[in-house]
Amino acid sequence: MGKKNIGIIIAVLILFIVASYHLYNSRELYGNDKASISKVIKSINDYENKEIEILEINDFEDIRIVGFLSNNQPSYIEFNKNEKGNFAWKHIETHHNESFSMFLPLGISKMMFVTNYESEVAKMQVDINETTIEQDFTTYQATVTWVDLPPTNNDTYEYRNYKYYDEDENLITERN
């Protein structure tokens, strides 16, 4: 084998490696818009055959949080912006057999509530670090609601005394 043939083989290998790298990167899915977010969710194990309804997309600097329904179950997915400006998924969560769900995405000081079309919760109260938080909700609608967490000196939160009320202000349930 001559030097010319070795040079051609090396050039072909380099070309193959570069082409493979670009092909792989072009197939990676990102949550850059509503359509691509649905594709990302459907590419994740246990979500492939689910009906997905995107409810709301919120950006908090380099974190994107998306509230959605997976077969009418309250859910959320979290994306982080990479060095190329694309949103790569980091975490996904669904609460089954619930119509009203609270999520605590990491990296932001907020509670996220996702409801489906069966939620009868019109108001919720919860004590967080000795502060009572009260929030109203739209009943029987698929919604995302954000609530700021109260300031804390030690970066931890204690949640107690949950109370959920219907539209007539009747107590639905309570837990400590």
Side-chain angles (χ1 to χ4, degrees), residues 30-42 44 47 50-82 85-176:
Y30 297 107
N32 293 338
D33 58 33
K34 190 173 182 178
S36 64
I37 290 167
S38 290
K39 286 181 183 178
V40 169
I41 294 169
K42 288 185 165 278
I44 299 169
Y47 290 88
K50 306 281 188 197
E51 182 180 324
I52 303 300
E53 181 181 351
I54 304 292
L55 301 177
E56 191 172 294
I57 301 167
N58 293 91
D59 291 341
F60 304 92
E61 295 182 20
D62 290 343
I63 299 171
R64 173 167 283 172
I65 306 291
V66 180
F68 69 98
L69 299 179
S70 171
N71 279 0
N72 203 40
Q73 302 299 305
S75 309
Y76 92 97
I77 186 168
E78 181 178 330
F79 297 88
N80 287 346
K81 189 183 282 188
N82 66 18
N86 293 314
F87 286 95
W89 84 274
K90 177 182 176 184
H91 179 78
I92 191 166
E93 193 173 326
T94 295
H95 290 178
H96 298 281
N97 303 317
E98 292 184 11
S99 60
F100 178 95
S101 294
M102 180 179 81
F103 298 99
L104 297 166
L106 294 175
I108 59 174
S109 296
K110 294 179 179 287
M111 295 183 294
M112 176 186 193
F113 295 91
V114 180
T115 63
N116 68 18
Y117 299 100
E118 299 162 7
S119 176
E120 63 180 343
V121 176
K123 183 170 71 173
M124 182 204 75
Q125 290 177 333
V126 61
D127 294 336
I128 304 173
N129 294 1
E130 310 300 323
T131 300
T132 300
I133 304 290
E134 186 171 289
Q135 179 66 45
D136 293 328
F137 298 92
T138 304
T139 57
Y140 305 105
Q141 293 291 317
T143 63
V144 174
T145 304
W146 291 95
V147 176
D148 291 325
L149 291 170
T152 182
N153 293 329
N154 56 8
D155 292 333
T156 61
Y157 295 95
E158 182 180 335
Y159 303 86
R160 300 177 56 202
N161 303 321
Y162 292 87
K163 294 179 184 176
Y164 302 93
Y165 299 90
D166 67 14
E167 290 177 311
D168 297 322
E169 297 193 25
N170 297 314
L171 184 65
I172 298 170
T173 188
E174 181 175 12
R175 61 183 182 144
N176 291 323

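Counting heavy atoms from C-beta on, the side chains of W146 and V144 come closer than 4.5 Å. At a threshold of 4.5 Å between non-hydrogen side-chain atoms, the residues I65 and E78 count as touching. Counting heavy atoms from C-beta on, the side chains of F113 and M102 come closer than 4.5 Å. Inter-residue side-chain proximity for I54 and V66 is flagged as met; some heavy-atom pair is nearer than 4.5 Å.
Residues F100 and H95 keep their aromatic ring centres 6.0 Å or farther apart.
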Step-by-step side chain to side chain contact (heavy atoms under 4.5 Å, CB included) determination, L69 to V114: CA-CA 8 Å; L69 299 179; V114 180; 4.2 Å; yes

Determine whether H91 and L106 satisfy the following criterion, side chain to side chain contact (heavy atoms under 4.5 Å, CB included), listing intermediate values before the conclusion. CA-CA 10 Å; H91 179 78; L106 294 175; over 6 Å; no

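In terms of heavy-atom proximity, I52 sits nearest to S38 at CG2-OG, 4.4 Å. Nearest heavy-atom pair across S101 and E98 is OG-OE1, 2.6 Å. In this structure, Y117 and A142 approach most closely via the heavy-atom pair CZ-CB, 3.5 Å.
Side-chain atoms of D168 do not come within 3.5 Å of backbone N or O of N170 as any donor-acceptor pair. Judged by distance alone, the side chain of D148 and the main-chain N or O of K110 form no donor-acceptor pair under 3.5 Å. Listed for the T115 side chain is a donor-acceptor partner under 3.5 Å among the backbone atoms of Q141.
Relative orientation of the Y164 and Y162 rings is parallel, given thresholds of 30° and 60° on the angle between their planes.
Distance check, rounded to the nearest 0.5 Å: CE of M111 to CD of Q135 gives 8.0 Å. Once rounded to the nearest 0.5 Å, the distance linking OH of Y140 with OG of S99 reads 8.5 Å.
Of the listed residues (D59, I37, I63, N32), just one forms a side chain to side chain contact (heavy atoms under 4.5 Å, CB included) with F79, and that residue is I37.
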Do any side-chain atoms of residues 121-131 form donor-acceptor pairs under 3.5 angstrom with protein atoms, and if so which ones, sequence neighbours left out?
unit_1	atom_1	unit_2	atom_2	d
Q125	OE1	Y165	OH	3.4
Q125	NE2	E134	OE1	2.5
D127	OD1	T132	OG1	2.6
D127	OD2	N161	ND2	2.8
N129	OD1	E158	N	2.6
N129	ND2	T152	OG1	3.4
N129	ND2	T156	O	3.0

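Side-chain atoms of T94 and Y47 include a donor-acceptor pair closer than 3.5 Å. No side-chain donor from either of N116 and S119 sits under 3.5 Å from a side-chain acceptor of the other.
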